[in-house]
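Below is one structure, written out as structure tokens; comments come after it.
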Amino acid sequence: MDEDFSSQMKKMALAMGTSLSDKDIDLLPTDMRHHGSFNYIKFFEYMQKFQASGQQESVIRKAFQTLDKDKSGFIEWNEINGPTTPLTDEEAEAVIQAADTDGDGRIDFEEFSELIKKEKIAKK
């Protein structure tokens with residue numbers, strides 16, 4: 001298994017309040033990878049099914065806080081795209097478009113929460 005992929009999976013799982021072993025990661029659907037990179041959208045879809053509903057709010061909050069690197073209260077394009085993140089420009093833009101319901105070009109907690117809870121993901 002690709003070390004970067006495994007590392008990203010473990011970090012995101014921890015941010016969402018759970019953990020994944022190497023065996024768990026090996027069992028994850030292959031569509032979480034997109035051209036060799038980590039597919040956040042597929043990961044969120046999978047984790048949505050993986051989480052117990054009672055933990056969901058706190059898990060979503062932790063994941064949001066992890067992605068909101070500058071602690072501005074918004075997930076912005078540069079926080080999910082760059083040299084330290086595995087998303088391409090196109091993937092980062094797709095995530096923003098899928099979640100940004102008010103059109104301000106960034107994702108607030110409510111938009112992020114809705115994306116996770118309702119799978120408001122544009123299928124292209």
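Just so you know, these numbers use all the heavy atoms, side chains as well, and skip hydrogens, waters and symmetry mates.
The 12-atom threshold is not exceeded at NZ of Lys23, counting heavy atoms of other residues, nucleotides or ligands nearer than 6.0 Å.
The side chain to side chain donor-acceptor pair (under 3.5 Å) search around Asp102 returns none, not counting sequence neighbours. A search for side chain to side chain donor-acceptor pair (under 3.5 Å) contacts involving Glu110 returns nothing, not counting sequence neighbours. The side-chain contact (heavy atoms from CB on, under 4.5 Å) test applied to Asp89 returns Trp77, Asn81, not counting sequence neighbours. For Gln65, the side-chain contact (heavy atoms from CB on, under 4.5 Å) partners at least two apart in sequence or on another chain are Arg61.
Asp68 and Gly73 get closest at one heavy-atom pair: OD2-N, 2.8 Å. Shortest non-hydrogen contact noted between Ile75 and Ile96 is O-CD1, 4.0 Å. Ala92 approaches Ile80 most closely through the heavy-atom pair O-CD1, 3.7 Å.
Here OG of Ser113 is found 10.0 Å from CG of Asp108. Values are rounded to the nearest 0.5 Å.
The ring-ring contact (aromatic ring centres under 6.0 Å, His included) analysis of residues 91-111, with sequence neighbours excluded, yields the pairs Phe64-Phe109.
In this structure the side chain of Asp100 reaches within 4.5 angstrom of the side chain of Glu111, judged on heavy atoms.
There is a path of hydrophobic side-chain contacts, each under 4.5 Å, that joins Leu67 to Val95. No path of Ile, Leu, Val, Met, Phe, Trp and Tyr side chains, each step under 4.5 Å between heavy atoms, connects Ile60 with Phe74, placing them in separate hydrophobic clusters.
A donor-acceptor pair under 3.5 Å links the side-chain atoms of Glu79 to the main chain of Glu76, judged by distance alone.
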